[in-house]
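Owing to the predicted nature of the structure, the values given are computational and were not obtained by experimental measurement. Just follow the structure's listing: the first ligand is 1, and inside any ligand the first atom is 1.
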Amino acid sequence: MKVNGKDYRTVWMEGNTVCLIEQNLLPFEFKIFRAENYRDTCMVISTMIVRGAGAIGATAAYAMAQAFLEGDNDAGFIENARQEIENTRPTAQNLFYAVERVYRAGQLSTGQFSTEHAAKEAQQIADEDADACKKIGELGNELIKDGDKIETHCNAGWLAFVDYGSALSPVYAAHRSGKDVFVYADETRPRGQGARLTAWELKNENVPHVIIADNAGAHLMSQGKVDMMIVGSDRIAANGDVANKIGTLEKAIVAQHYGIPFYVAAPVSTIDFGCASGTDIPIEQRHQDEVLYQSGPNANGKLETILTSSPGSDALNPAFDVTPARLVTAIITEKGIFNPEDLAVLNTQNSTTMD
Ligand code: MRU
């Protein structure tokens, strides 16, 4: 994707350094963060300098490759690093999928380690992520009609992946193919990924859009102003239940009430066939300050964080919820568009899926 006319991926590797777009500063500042070792890269994931399922997965893959480079054939070091990387965030399946692949690729049958194989596998994962998202865009575009108004929740655009995005990829494809599309971007409290990141992406791509308060969706749907919802996912269970950013479940319930199609777009690497249903998906609980405080530029353009809640009250901050498969119209993957109950067919097709 282009930023100021230059092509970027969300995350890439230069030598032994992982380079990332610093997402905590967007849309106010565009900066590249350089993570010099696997511990830096772990910090980048846990502090959400990078976020979104596919981007987290690629970053974790690169972190694992860095660990092989730093580990100097020390099995204990590499195993430890693997655990640290896996402990950065619990919900996005792509993280576990990617770490497993690089960890396996870096072990030779001789019992030795191969930094070269590990680095190659990490790059392969990043490239596959971008390719899958491009394909999701092409397939998803077929569901979009000229003139459609689409609501989305959180950011499942290119910033949430290596490139293209999942939920926004069909929107970009539709817009580029000349269709008149309009997006309602839910602001997505508490961290505002919709208001900050989705809106920034859509503006860069010249896609007509507005930011709406998280609680405005039902009203717009009741007035016939939303033709479809497309959201991303952090983990999809084998039965088609979908974990996504907190607030998604409410939208799915309302969409069903008003007969509005509710699509989930995600690469096959987000499906966890080891999770029988959504109740098995770990839901991340994040710090209460994300709810209690908000940040943005002050009059001098300097980023500041201020309290926006009643002093002394605590907050609860579950980061994800699970939408049952029966509320999902279809899941758009790079391998096709599936009824959520029919995902099992992908398990046999995808030999790298963990089970
Ligand atoms: O907490 P985040 O920002 O990493 O959350 C992940 C997400 O961006 C969303 O849940 C998104 O809709 C799915 S991930 C592509």
Check whether any N or O atom of S166, backbone or side chain, sits under 3.5 Å from an N or O atom of ligand 1, and answer yes or no.
no

Under 3.5 Å donor-acceptor, D321 side chain and G247 backbone:
yes

For A53, counting its heavy atoms only, list the atoms of ligand 1 lying under 4.0 Å from any of them.
14 (S), 15 (C)

Applying side chain to side chain donor-acceptor pair (under 3.5 Å), which residue pairs with at least one partner in residues 21-37 are found, sequence neighbours left out?
E14-R34, T17-E36, Q23-R51, N24-R191

Got an N/O contact under 3.5 Å between G52 and ligand 1?
yes

Within the side chain of D186, is there an N or O that forms a donor-acceptor pair under 3.5 Å with the backbone of T188?
no

Ligand 1 versus A266, non-hydrogen atoms closer than 4.0 Å: side chain, backbone, both, neither?
neither

Within the 4.0 Å heavy-atom shell around F320, which atoms of ligand 1 are there?
1 (O), 5 (O), 6 (C), 10 (O)

Quick check against the 3.5 Å criterion: does T88 have a side-chain atom that pairs as donor or acceptor with the backbone of C42?
no

Atoms of ligand 1 close to A160 [distance to a heavy atom under 4.0 angstrom, numbered from 1]
15 (C)

Does S233 have a heavy atom less than 4.0 Å from any atom of ligand 1?
yes

Please compare E284, R89, Q23 and report which has the shortest non-hydrogen distance to atom 2 (P) of ligand 1.
R89

Do me a favour and list the nearest non-hydrogen protein atom to atom 11 (C) of ligand 1 with residue, atom name and distance?
N244 OD1, 3.2 Å

Considering only protein heavy atoms, which is closest to atom 9 (C) of ligand 1, and at what distance to one decimal place?
C154 SG, 3.3 Å

Taking only heavy atoms of M48 into account, list the atoms of ligand 1 that are under 4.0 Å away from them.
1 (O), 2 (P), 3 (O)

Give yes or no for whether the N/O distance cutoff of 3.5 Å, strictly under, is met between R51 and ligand 1.
yes

How would you list all residue pairs meeting ring pair (Phe, Tyr, Trp, His ring centres under 6.0 Å) that involve residues 60-84, not counting sequence neighbours?
Y38-F77, F68-F113

Start with the C-alpha distance between D227 and K149, add both sets of side-chain angles, then the distance that settles salt bridge (charged side-chain N to carboxylate O under 4.0 Å, His left out), and finish with yes or no.
CA-CA 5 Å; D227 296 300; K149 295 189 169 49; 5.6 Å; no

Need the ligand 1 atom indices (1-based, order shown) with element for anything under 4.0 Å from a heavy-atom of N155.
8 (O), 11 (C)

Side-chain donor/acceptor of E201 to backbone N/O of L159, under 3.5 Å:
yes

I'd like to know if the side chain of N239 and the backbone of D241 have a donor-acceptor N/O pair within less than 3.5 Å.
yes

For atom 1 (O) of ligand 1, the closest protein heavy atom turns out to be K245 NZ, 2.6 Å

Can you pull out the closest protein heavy atom to atom 15 (C) of ligand 1? Residue, atom name and distance to 0.1 Å, please.
F161 CE1, 3.2 Å

Under 4.0 Å from a heavy atom of Q193: which atoms of ligand 1 are those, numbered in the order shown and with their elements?
1 (O), 2 (P), 3 (O)

Given the options E121, E79, E86, Y103 meets side chain to side chain donor-acceptor pair (under 3.5 Å) only with E79

Tell me the protein heavy atom at minimum distance from atom 6 (C) of ligand 1, and give that distance in Å.
D234 OD1, 2.8 Å

Polar side-chain atom of S310 near backbone of S313 as donor-acceptor pair, under 3.5 Å
no

Between F182 and Y184, does the ring centroid distance fall short of 6.0 Å?
yes

